[in-house]
Amino acid sequence: MAKGIQAIRGMRDLLPADMAAWQFVDKVVSETLGAYGYEEIRLPILEKTELFKRSIGEVTDIVEKEMYTFDDRNGDSLSLRPEGTACCVRAGIEHGLLHNQQRRLWYQGPMFRHERPQKGRYRQFYQYGVETFGIASADIDIELIVMVRRMLHKLGLLPFVRLEINSLGDLASREKHKADLLAYFHQHKEQLDEDSQRRLQSNPLRILDSKNPAMQGLNNNAPQLVDYLDEASAEHFAQVKSGLEQLGVEYQLNPRLVRGLDYYSRTVFEWITEDLGAQGTVTAGGRFDSLVEYLGGRATPAMGFAMGVDRLVALLQEKNLHIPSNSPDFFACALGDAAQTKMTDIVEQIRDRLPRAKLLMNAGGGNFKAQMKRADKSGARWAILMGDDELSQEKIIVKPLREQQEQQIVALADVFNVCDQLLQTN
């Protein structure tokens, strides 16, 4: 026997048993985005490697160690997208969506990073990305944060997350801070862990984002970027905080919140949970006002966020929260060729008249006992049954499967009304 082939490490199958939670997240997020007036854009999974080198930064962990990169048959270097913002900006520039326009865009799909797989971290992971362009004022920062809050509330997750915010200021602010930060860490170089030693020359700001508990004391005493903010950035951040407070949105200031990508500026934020171990960030975002120009477009203010679907689903499951079922409403069973033919016709009529009904038709034959076993396993709430006796009397049986109620024997002409009433009252 040939050896079985398994999925690649860090990439997993999403099985039917898990899909109710995934579909619940998809429904809540996409409906909320639509209600706020955001437009969907669909982006390719493969991009030129240069796009990510220019946007993310060549000396970041993502570009240096984590991207899936290869040369295609034409000798072009291509990469599976490790994040979506650069792809969205590239598309916006290429198709003329951004210049002198306001845009609110969203996308979804898999991202790819060659990291060490662990709970909440996969090499193929799924994200919603939301990006806004052409709006420089703090009101869009507030809108994005509040919109995420609404999504988390609808999912039932708001009690289990907290909002952390910070400001990175402008480039000049960060350069002044970086100089003092380098001096500080060089004075305490012997206390830096291996990861921080590597980041010291390439990206010292990321040291502040270390999750190593042994680094927390050192980082707490490091120069804080908020103390270096230029006047305009400080005023912008004050407006963000004031707007959140007026809307009753609780937040924590985290001066060590820096985000991992080079293109961020001014407002950054994360929604974080303590219930998923080290991988606790479920949503993260911020401003990237220089990225459009850096990738070849006109200077355009921009802000967005990424929402990790894998972690939202994991948190829903961790908290055993109610997830709407995607099981069928009805399971149709028939015994005998004539009854099978008639039941097939009835099922299609139900689908025509009650398009919201989810109805599964038995296939593959079997006696009533076998068919009812399939009906129960399907998770359906009701079975609709027909045999020779019911067919001769033009009747049909509607049997509850999840509640202790009596079955109904109804005329064929009435089955549509009965099914409709059941759907409305349950």
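Residues: numbered from 1 along the sequence shown.
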Worksheet item: Which is it for D310 and R12 under the salt bridge (Lys or Arg N to Asp or Glu O under 4.0 Å) test, yes or no, and what are the steps along the way?
Response: CA-CA 11 Å; D310 307 76; R12 83 277 192 220; 2.5 Å; yes

Discussion item. Are K377 and K373 packed together at the side-chain level, in the sense that at least one heavy-atom pair is separated by less than 4.5 angstrom?
Written reply: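 Heavy-atom side-chain distance check fails, nothing below 4.5 Å.
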
Worksheet item: Are any of the side-chain heavy atoms of E250 and L163 separated by less than 4.5 Å?
Response: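 A side-chain contact under 4.5 Å is absent here.
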
Does the side chain of [X] come under 3.5 Å of the side chain of [Y] through a donor N or O and an acceptor N or O?
| X | Y | answer |
| --- | --- | --- |
| Y184 | N221 | no |
| H177 | D227 | no |
| R256 | N166 | no |
| S233 | R266 | yes |
| S77 | K48 | no |

Worksheet item: If you draw the axis of the six-membered ring of Y36, does the NZ or CZ of R104 fall within 45° of it and under 6.0 Å from the ring centre?
Response: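 Verdict for Y36: no cation-pi partner in R104.
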
salt_bridge([X], [Y]) N-O dist < 4.0 Å:
| X | Y | result |
| --- | --- | --- |
| E270 | R162 | no |
| K241 | E245 | no |
| R351 | E348 | yes |
| E40 | R42 | yes |
| R121 | E115 | yes |
| E47 | R90 | yes |
| D329 | R381 | yes |

Practice prompt. Would you please name every residue forming a side-chain contact (heavy atoms from CB on, under 4.5 Å) with D376, sequence neighbours left out?
Written response: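 Scan of D376 (side-chain contact (heavy atoms from CB on, under 4.5 Å), adjacent residues dropped) gives R402.
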
Practice prompt. Check F305, Y38, Y107, W106 against Y128 for a ring-ring contact (aromatic ring centres under 6.0 Å, His included) and give me the one that passes.
Written response: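 Answer to the ring-ring contact (aromatic ring centres under 6.0 Å, His included) test with Y128 among F305, Y38, Y107, W106: W106.
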
Practice prompt. Please check if the side chain of S173 supplies one atom and the backbone of D230 the other of a donor-acceptor pair under 3.5 Å.
Written response: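 Judged by distance alone, yes, a pair lies under 3.5 Å.
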
